[in-house]
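One structure is given here, and the rest of the page talks about it.
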There are 2 protein chains.
Amino acid sequence: MPDPKKGNSDGESGAGASQKPVRLKELAEHLDLSPAAVSIVLNRSPVADSIPQATQDRVFAAAKELGYRPDFLARSLRSRRTRSIGVLVPEISEGYAAGVSRGLEKHLLSEGYFYFIASHQSEPELLAEGLERLRERLVEGFILLAAQLKAPPPLPTVVVSGHRALEGVTNVVLDQDHAAHHALSHLADLGHERIAFFRGPSNNADADDRWRAIVDAAATLSLEVAPELSIQLEGLSYGEVFYREGYARAKELLARGQRFTALFAFDDIAAVGAMRAFFDAGLRVPEDISIVGFDDIESASFLNPSLTTVRQPLREMGEIAGRVLLERLGGGETPPQVVVKPELVVRDSTCPAP
Amino acid sequence: MPDPKKGNSDGESGAGASQKPVRLKELAEHLDLSPAAVSIVLNRSPVADSIPQATQDRVFAAAKELGYRPDFLARSLRSRRTRSIGVLVPEISEGYAAGVSRGLEKHLLSEGYFYFIASHQSEPELLAEGLERLRERLVEGFILLAAQLKAPPPLPTVVVSGHRALEGVTNVVLDQDHAAHHALSHLADLGHERIAFFRGPSNNADADDRWRAIVDAAATLSLEVAPELSIQLEGLSYGEVFYREGYARAKELLARGQRFTALFAFDDIAAVGAMRAFFDAGLRVPEDISIVGFDDIESASFLNPSLTTVRQPLREMGEIAGRVLLERLGGGETPPQVVVKPELVVRDSTCPAP
DNA sequence: CTTCGTAACTAATTCGATTTAGTACTAGCT
DNA sequence: AGCTAGTACTAAATCGAATTAGTTACGAAG
């Protein structure tokens with residue numbers, strides 16, 4: 001006799017009712033076939049060639065009718081493929097990471113990959129722990145943002161803004177030399193000679209390379225990088241806001257009492273903070289001080305004044321990271337490095353030196 | 001004779017070498033015990049009481065020595081628990097979603113949960129598909145941001161900014177009435193009578209509720225909500241920037257030629273866009289037009305002028321979402337709604353009406 | 001001296017799909 | 001008739017751990 005569970009002969013009851021999923025075995029019984037046969041058909045495995053089309057059609061029809069979905073865990077356990085990747089970002093927040101993250105989805109989702117995300121706060125221990133925990137979950141690869149890896153990770157990895165060549169790792173990096181040259185020659189053209197610099201925090205993957213590029217470019221342009229105008233930004237403790245750091249360091253810069261007519265900030269966020277500090281000190285931007293940022297975050301063109309900045313194609317870098325990792329996972333070879341080009345976006349925060 | 005693979009008798013070779021993981025079976029053989037016994041000890045299952053402490057110590061020591069990590073898939077397949085949750089946000093980007101996302105990690109990671117994240121672009125079909133794909137991956141629950149659910153999802157769910165009461169769903173919402181009242185009474189106190197409004201896009205979960213709250217609050221304060229000053233923001237197509245929408249709608253507002261002295265924008269991003277439009281039209285903020293935003297995004301206090309806004313405790317809302325979901329998953333009861341309070345942050349974008 | 005109880009385990013099943021090695025049957029060829 | 005070659009499948013092993021139902025050995029109680 002029929003037991004008193006709610007009868008649902010339709011497999012696909014629209015409402016989000018949580019009826020228990022159909023299993024391969026049940027589907028097979030329904031079809032009067034073995035689970036093996038059904039699996040073979042559904043996965044279009046090579047052996048399926050010998051199975052007549054009529055049967056195959058029956059199988060697909062029944063699978064659809066009963067709403068069969070292979071169990072992800074069982075399948076992954078067997079195939080050792082999870083179609084998942086792990087993403088570690090410095091901080092889930094505005095600015096840089098947000099820009100890159102937007103690009104990640106593009107290729108991944110359409111290929112059936114999902115990603116776990118977590119933050120590493122620019123701390124090596126957190127990064128290492130994140131890698132380990134994600135590996136336990138059998139992700140197939142990593143995408144890391146602004147991470148300073150010491151050793152090659154155990155899985156295919158793409159690092160956005162990674163400057164160390166490591167076995168099995170593809171670095172997606174901006175051409176920092178071009179970037180620095182663009183920014184500084186723009187300032188030089190405007191007649192700026194006393195230029196202040198925000199140097200990136202030591203725990204930032206781009207900081208050293210960008211600084212080196214700045215020093216090189218300055219030399220080429222016969223500009224001075226004055227130590228008394230160079231400010232080292234500090235990394236943030238968890239949850240702090242980087243705008244504040246730009247603000248504080250700009251105040252410090254002003255307190256030094258040194259004359260300068262322009263600031264090249266490490267990134268847009270710090271630039272915005274600095275701009276605020278200059279306003280608070282009664283200075284005008286750009287009339288008294290020109291500011292060049294870095295990144296071209298979404299808000300950059302809407303600020304007051306709008307921000308002249310070196311544009312990193314953040315979103316594109318995210319897309320590249322996703323695509324390159326997929327290629328790797330698909331067995332393709334990938335280069336140790338992909339270099340993307342920056343672009344100087346001149347807006348209203350720069351003008352000729354006073 | 002030993003085969004020519006690199007000998008590693010130490011289980012824990014520091015470098016990220018990808019030696020194949022130790023299995024329960026191997027560990028058991030090493031210990032000269034059955035896999036069952038080892039499993040029982042390691043999981044501290046009740047039956048372990050009858051196993052002498054000495055043996056237990058041996059097991060733990062050996063597990064550590066060999067670097068044994070239970071296979072996540074095998075374990076999950078058996079236990080039907082994945083310690084994963086699914087997060088769907090409107091867009092991985094600056095502003096609202098970034099703020100909330102920052103709060104999510106707090107409780108989840110420390111409890112061993114990771115989350116998949118994907119965007120739903122405020123489109124019901126993408127949301128539904130995301131839910132389905134994530135469910136296939138056997139996430140244990142969902143956290144949704146600004147999602148408009150039609151039907152209750154099949155798993156424990158927390159919706160941040162969800163205004164529909166649904167079975168099994170906890171909504172974390174802002175008290176929109178307080179928010180509207182704060183903002184409008186601030187403007188009323190400053191003598192503003194002709195106030196323009198940006199109404200949220202129809203695909204935004206907060207839009208209707210907030211608009212209703214605004215209309216109610218205006219009535220209470222005897223303020224007029226003039227149709228000719230009310231502008232409907234449009235939802236965005238994939239990848240667009242919301243600043244631009246604020247900018248465009250503000251231009252449209254100006255083009256109507258109606259006098260107004262203040263704007264209450266749907267959110268900070270739209271407010272920033274509008275501010276830019278006003279500047280471009282030769283208007284001053286706040287002297288000619290006061291602006292009140294909504295959210296208090298990270299940059300709000302660093303803008304020029306800094307933005308008066310209704311603060312949503314975004315990060316806290318994220319934390320709450322994570323905590324509440326964990327409680328649910330742990331078997332606890334959770335309320336259908338958690339209401340958080342807004343706060344008016346008065347900065348420099350508002351001043352007495354001209 | 002048998003029986004019971006318990007300590008200390010182990011064997012076997014289960015989770016749900018994939019995959020390899022077979023098997024039964026038919027058709028064709030000599 | 002006997003043999004091969006397909007065709008259309010199925011049975012059983014596998015992935016790696018968790019769990020239930022036993023099993024063995026030993027000491028104590030009757």
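It should be emphasised that the depicted structure is a prediction, and the values quoted were computed from it without experimental measurement. A note on names: the letters A, B, ... follow the listed sequences, proteins ahead of strands, and every chain is numbered from 1.
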Self-check item: Of Ile40(B) and Arg23(B), the one whose closest DNA chain D nucleotide lies more 5'
Solution: Arg23(B)
Quiz item: With no hydrogens and no angle check, is any side-chain donor or acceptor of Glu111(A) less than 3.5 Å from a backbone partner on Leu108(A)?
Solution: no
Practice problem: In whole angstrom, give the distance that lies between atom CZ of Arg58(B) and atom C1' of dC9(C). | Solution: 12 Å
Quiz item: Under 4.0 Å between a side-chain N/O of Ser34(A) and OP1 or OP2 of dT10(D), yes or no?
Solution: yes
Exercise. Provide, to the nearest angstrom, the distance between the CZ atom belonging to Arg69(A) and the C1' atom belonging to dA17(C).
Key: 16 Å
Quiz item: If you find the nucleotide of DNA chain C closest to Leu33(B) and the one closest to Ser45(A), which residue's nucleotide is nearer the 5' end?
Solution: Leu33(B)
Quiz prompt | Near-strand residues of residues 72-79 of chain B, defined as heavy-atom separation under 4.0 angstrom from DNA chain C | solution = Leu77(B), Arg78(B)
Quiz item: Given that Asp49(B) and Pro70(A) both sit by DNA chain C, which one's nearest nucleotide is further toward the 5' end?
Solution: Asp49(B)
Exercise. Give a yes/no answer on whether the side chain of Asn43(A) brings an N or O atom under 4.0 Å of OP1 or OP2 in dT18(C).
Key: yes
Practice problem: Salt-bridge test for Asp49(A) and Arg44(A): reply yes if a basic N is under 4.0 Å from a carboxylate O, no otherwise. | Solution: no
Exercise. Under the side chain to side chain contact (heavy atoms under 4.5 Å, CB included) rule, collect the residues that match up with Arg78(B), sequence neighbours excluded.
Key: none
Quiz item: Does Phe116(A) have its ring centroid less than 6.0 Å away from the ring centroid of Tyr115(B)?
Solution: no
Practice problem: May I have the distance from Asp57(B) (atom CG) to dA8(C) (atom P), rounded to whole angstrom? | Solution: 13 Å
Quiz item: Can a salt bridge be assigned to the pair Glu327(A) and Arg323(A) using a cut-off of 4.0 Å between side-chain N and carboxylate O?
Solution: yes
Quiz item: Which part of the nucleic acid, if any, lies within contact of Leu24(A), taking any heavy atom under 4.0 Å across all strands shown: a base, the sugar-phosphate backbone alone, or nothing?
Solution: base
Quiz item: Between dA12(C), dG16(D), dA7(C), which nucleotide gets closest to the side-chain atoms of Ala36(B)?
Solution: dA12(C)
Practice problem: If a pair satisfies salt bridge (charged side-chain N to carboxylate O under 4.0 Å, His left out) and one of its residues is in residues 136-155 of chain B, list it, with sequence neighbours excluded. | Solution: Arg69(A)-Glu136(B), Arg81(B)-Glu140(B)
Quiz item: Leu138(B) CG to dG16(C) P: how many Å, rounded?
Solution: 10 Å
Quiz prompt | Whole-Å gap separating C1' (dT19(D)) and CZ (Arg44(B)) | solution = 18 Å
Quiz item: Just checking Thr55(A): base, sugar-phosphate only, or nothing, at a heavy-atom cut-off of under 4.0 Å?
Solution: sugar-phosphate
Practice problem: Name the closest nucleotide to the Ala37(B) side chain, picking from dG16(C), dT10(C), dT19(C). | Solution: dT10(C)
Quiz item: Taking NZ, NE, NH1 and NH2 as the nitrogens, is one of them in Arg135(A) or Glu132(A) under 4.0 Å from a carboxylate oxygen of the other?
Solution: yes
Quiz prompt | side chain to side chain donor-acceptor pair (under 3.5 Å) between Ser119(A) and Glu105(B), worked out | solution = CA-CA 8 Å; Ser119(A) 67; Glu105(B) 276 193 349; 2.7 Å; yes
Quiz prompt | Whole-Å gap separating C1' (dT13(C)) and NZ (Lys25(A)) | solution = 12 Å
Quiz item: Hey, is the side chain of Ser39(B) poking within less than 4.0 Å of OP1 or OP2 on dA18(D), counting only N and O atoms?
Solution: yes
Quiz item: Is Pro35(B) touching bases, backbone alone, or none of the nucleic acid, heavy atoms closer than 4.0 Å?
Solution: nothing
Exercise. Rounded off to whole Å, could you give me the CG-to-P distance for the Leu27(B) and dT10(C) pair?
Key: 13 Å
Quiz prompt | Length of the line joining Leu31(B):CG and dC9(C):P, which is rounded to integer Å | solution = 11 Å
